[in-house]
Each structure stands twice: as C-alpha cells, then as structure tokens.
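Single-structure report; data block below.
Numbers here simply count residues along the sequence, with the first being 1.
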Amino acid sequence: MIWNKEMECMSREQMREVQGEKLRKIVAHAYSNSPFYKQRLDEHGVHPSDIKTIDDIVKLPFTVKQDLRDNYPFGLMAVPMSDIIRLHASSGTTGKPIVVGYTRTDLDNWSEAVARCLTAFGLGKNDLVQISYGYGLFTGGLGAHAGVQKIGATVIPTSSGNTQKQMQLMQDFGTTALACTPSYAMYMSDELQKAGITLDRLKLRVGIFGAEPWTEAMRQELQKKLGVKAYDIYGLTEISGPGVGSECECQCGTHIWEDLYYPEIIDPVTLKPVEPGQKGELVFTTLDKWGMPMLRYRTRDLTTLNYEKCDCGRTCVRMGKIMGRSDDMMIVRGVNVFPSQIESILLEFPEYEPYFLIEVDRVNNTDTFDIQVEVKPEFYTDRINELVRIRQRLTSRIQSVIGIQPNIKIVQPNTIERSTGKAKRAIDHRKFE
Ligand code: ADP
Ligand code: ZN
C-alpha cells in the first residue's frame with residue numbers, strides 16, 4: 001500500500017542524511033543559477049559551503065510572498081526558460097498572483113508526492129477519481145490529475161463547476177473518489193440530496209479534500225453526507241501545489257513528504273524555531289525542485305509538527321490541521337478571530353447550515369463583527385420567537401469561544417454564496433492606514 005516505502009518509512013537519522021545531502025545540492029544550485037538567491041545569500045553572509053547538514057538550514061534567509069511579487073513573473077527561476085515545461089499561478093486568494101515554473105523533474109517529483117497521498121488514502125488502479133478541483137493556472141486540478149495517473153487509477157477530469165453534470169457523471173461512471181475543496185464537497189452533497197440521489201446510487205468511498213482550511217467537525221459532516229472517508233490533502237503553489245502532504249488511513253495528522261519538502265515551524269514574530277510540538281508558522285524548503293527552488297519559504301500557515309511514528313508505519317513528520325493563514329486571522333476588538341472557529345461552532349448546531357460570511361468594519365472607532373448565517377429550511381420558521389431563540393444560542397456560544405459578541409444575521413436559505421472552489425468566508429471592510 002505504501003507508494004515509496006523507502007522515503008516514507010526511513011529512520012529519522014537516515015532521513016536527516018537524505019535531507020542534508022539534498023539541501024547542499026539545492027542551495028548550491030540556487031546560488032549559482034538564480035541571481036535572486038545569490039544576492040540574498042550574499043547579503044545575508046551565507047555561502048553554499050556553509051551548508052553541511054540539515055541543521056545548517058537555519059543559516060539561510062527566509063523567502064516571502066513579496067519576493068515572488070517583486071520578481072514577477074520569472075525572476076526566481078533557476079534554470080533557463082527552455083527547461084521550464086509548465087507554469088502555474090496561485091489562485092490569488094490574497095493579493096496579486098504569483099507565478100511558478102516547473103522542469104520535467106519537478107513535475108515528476110510533484111506527481112510522486114500526490115501519488116503518495118492517494119496511496120495513503122487507499123486508492124489504487126481500480127479507482128475512478130473525479131477531479132473537481134479547477135483545472136488551469138490553479139495547481140489543484142492538474143496537480144491531482146498527474147498523481148491519479150501515476151497510481152494508475154482512472155482520471156475523470158471534470159474540473160470545478162457545472163455541478164448537475166458532475167452529479168450525473170458520478171452516478172453513471174461509478175466514481176469512487178471525489179477530489180475537491182471541502183466547501184465544494186459540502187455544496188455537492190446538498191445538491192445530491194436535493195436531487196434525491198441517495199448514497200446507495202453512488203460508489204463514492206474516498207474524499208480528497210484540501211486547498212482551504214476545514215475543521216474536524218466538517219470532516220464528520222462530509223463523511224456522513226457523502227458516505228466517504230474524508231482525507232485532508234495539503235499544498236501550496238509556491239512549493240509545488242497539492243500533495244506536499246496528506247493524511248493516511250489513521251486520519252491523525254498530515255504526513256509531509258519530507259525528502260521533497262523540508263518543513264520547519266517558526267515563531268512569526270521572532271522568526272526563531274519554536275519548541276518541538278508548539279504552534280507557529282510553517283516554513284518550507286523544496287529539496288528537489290530545480291526550476292524555481294524555494295529556500296525557507298514562509299507559508300503564513302499556522303500549525304504544529306509531530307515527529308512521533310504513526311500507526312500506519314510511515315515515519316514522515318505529521319502536521320496538525322491548519323488553523324488558517326496568518327493573513328486570514330482578523331483582529332476584532334483586540335481578539336484573534338479565525339473563520340474556522342465559526343465553522344466548527346456552526347456545525348455543533350443542528351439548526352444551522354455550515355455556510356457563513358463574516359464581515360468586519362469599524363464604526364465610531366469600534367469594530368463591528370457581523371456574521372451572516374443560514375438556518376436549515378426546516379428550521380426557517382415564521383415564528384419569530386423561535387428564530388430569536390436559535391440566534392441567541394449561537395451568539396452566546398460564539399461569545400464564549402471567541403470572547404467577543406457577534407451580531408448574527410440569519411438570512412434566507414440559499415442566500416450565502418456557495419463555492420465550487422475556495423470559499424470566501426470573511427470580508428474586512430476596515431481601512432488601516
Ligand atoms: P492561494 O494562495 O492563491 O490560495 P494556493 O492554491 O497556492 O493559492 O493556496 C495554498 C494555501 O491554501 C495554503 O498555503 C493554505 O493556506 C491553504 N491550504 C491548502 N491546502 C490546505 C489544507 N488541506 N488545509 C488548510 N489549508 C490549506
Ligand atoms: Zn500515518
């Protein structure tokens with residue numbers, strides 16, 4: 001079942017050897033072939049000869065998203081453009097898009113990473129995988145596609161959107177695994193229910209969900225509604241795309257494919273490594289990506305790393321669920337608010353749908369904190385008292401978890417925009433000069 005037993009199951013000492021060896025090579029490559037990295041390392045007073053073991057990684061300067069924007073589009077490439085055989089760009093959830101280029105080796109390594117994820121989900125050549133991540137510049141569709149081909153399963157390349165057709169094909173073809181964002185999976189499950197398509201008419205057994213934060217409560221909901229085991233898959237454009245890591249059958253943390261992508265957790269303020277197991281910002285160094293190597297790239301994603309061996313037999317480090325990006329975190333009336341907190345609270349209530357939109361503004365020097373929510377049609381009653389009671393319970397629950405009182409607005413069923421890709425769950429209207 002394990003795709004690459006050697007790399008996924010080696011001892012920590014061996015892994016550190018492999019990582020040290022690869023780090024030396026990639027730093028030398030970046031320094032000699034990318035004017036950006038040469039200048040960065042020179043300014044920082046580090047030379048490739050200073051990198052001997054994986055521990056020396058802390059000597060390297062960080063790379064940030066702004067570096068990619070400043071060098072748009074091709075300024076970080078470390079090979080001639082004639083060796084770049086694919087370009088992708090981030091979906092631009094935050095700010096201007098950034099561009100990445102891949103050599104043939106890079107694409108091979110990336111598909112190997114995705115193949116490891118899919119194998120960890122128990123998928124193989126008898127599976128039919130419907131890829132409802134968007135195809136195009138976004139890495140989700142084509143990234144998953146290459147991994148499915150690599151394990152020899154059947155690709156159904158539907159891309160995102162056109163939900164009615166997706167549902168039709170899912171039934172007709174007997175799709176066994178669905179790959180899409182958890183928000184799209186939720187939307188699709190609702191549409192299936194509306195269309196009266198019951199689970200016994202589907203052959204779905206695995207959900208390949210990622211590209212945005214989602215909670216454990218959301219997992220339970222999706223597993224129930226779609227009759228699948230729902231697995232988390234993680235990645236980001238700068239580091240390759242989806243498949244930097246994923247859960248295994250234990251569903252107890254996301255294994256990072258550490259021979260390809262070296263993870264660190266730092267304190268986002270001091271930029272120093274945190275104590276093992278502590279939460280902080282995830283940083284990646286690509287150990288085997290040549291077109292556009294990333295040295296100590298700050299992801300802005302907040303999580304933890306756990307080096308204990310997993311019950312599945314893999315030794316690759318496990319990452320905790322991503323709480324959200326530091327960019328997603330809003331400070332409202334001095335308190336940190338993550339959209340994922342609202343998601344898990346809503347799912348505690350049988351009356352509410354898991355769709356919501358947070359809007360924050362500043363009026364008379366005070367932050368407003370509005371949350372639009374929908375109640376399920378069967379709870380959407382004309383009895384105003386009933387709605388007031390439901391609303392009050394949600395308000396108190398959010399206040400007790402987050403520490404500030406939200407203004408809950410119950411809107412008509414189906415008002416909040418459904419997403420076929422990454423959901424937009426918060427809008428900050430405040431202007432910070
Ligand atoms: P964009 O930055 O435009 O959204 P990407 O598609 O590269 O473009 O997004 C990568 C980001 O998506 C990650 O840094 C992370 O914040 C989020 N992400 C991806 N997979 C997951 C996941 N499984 N869980 C939580 N967040 C995820
Ligand atoms: Zn495992």
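Counting heavy atoms from C-beta on, the side chains of F74 and M81 come closer than 4.5 Å. I342 places a side-chain heavy atom less than 4.5 Å from the side chain of I371. Counting only heavy atoms from C-beta outward, the side chains of I404 and Q399 never approach each other to under 4.5 Å.
For the 3.5 Å distance criterion, the side chains of E374 and N414 fail to qualify, holding no donor opposite an acceptor. Under the 3.5 Å distance criterion, with hydrogens and angles disregarded, no donor-acceptor pair is assigned to the side chains of T315 and Y307. D42 and Y31 are linked by a side-chain donor-acceptor pair at a separation below 3.5 angstrom, with hydrogens and angles left out of the test. Side chain to side chain, D106 and T103 meet the donor-acceptor criterion of an N or O pair below 3.5 Å. Side chains of S340 and E343: no donor on one and acceptor on the other come within 3.5 Å. In this structure, a donor-acceptor pair under 3.5 Å is absent between the side chains of N4 and E8.
A donor-acceptor pair under 3.5 Å links the side-chain atoms of R24 to the main chain of K52, judged by distance alone. T158 contributes a side-chain N or O that, together with a main-chain N or O of I131, makes up a donor-acceptor pair within less than 3.5 Å. Looking at T286, its side chain never comes within 3.5 Å of a backbone N or O of D288 through a donor-acceptor pair.
The pair E258-R12 meets the salt-bridge criterion, with a side-chain N (NZ, NE, NH1 or NH2) lying under 4.0 Å from an Asp/Glu carboxylate O. We find that D232 and R219 are not joined by a salt bridge, their nearest charged nitrogen and carboxylate oxygen being 4.0 Å or further apart. Between K424 and E212, none of the side-chain N atoms (NZ, or NE/NH1/NH2) sits under 4.0 Å from a carboxylate O, so this pair counts as no salt bridge. Under 4.0 Å is where a charged nitrogen must lie from a carboxylate oxygen, and between R418 and D190 no such pair does.
Every pair passing ring pair (Phe, Tyr, Trp, His ring centres under 6.0 Å) that includes a residue from residues 144-183 is listed here, sequence neighbours excluded: Y135-H145. Applying the ring pair (Phe, Tyr, Trp, His ring centres under 6.0 Å) rule to pairs touching residues 215-270 yields F121-Y231, sequence neighbours excluded.
The side-chain hydrogen bond (donor to acceptor under 3.5 Å, both in side chains) check on Q168 picks up D172, with sequence neighbours excluded. Annotation: side-chain hydrogen bond (donor to acceptor under 3.5 Å, both in side chains) contacts of Q251 (sequence neighbours excluded): Q223. K194 pairs by the side-chain hydrogen bond (donor to acceptor under 3.5 Å, both in side chains) definition with E191, not counting sequence neighbours. Residues forming a ring pair (Phe, Tyr, Trp, His ring centres under 6.0 Å) with Y355 (at least two apart in sequence, or on another chain): none.
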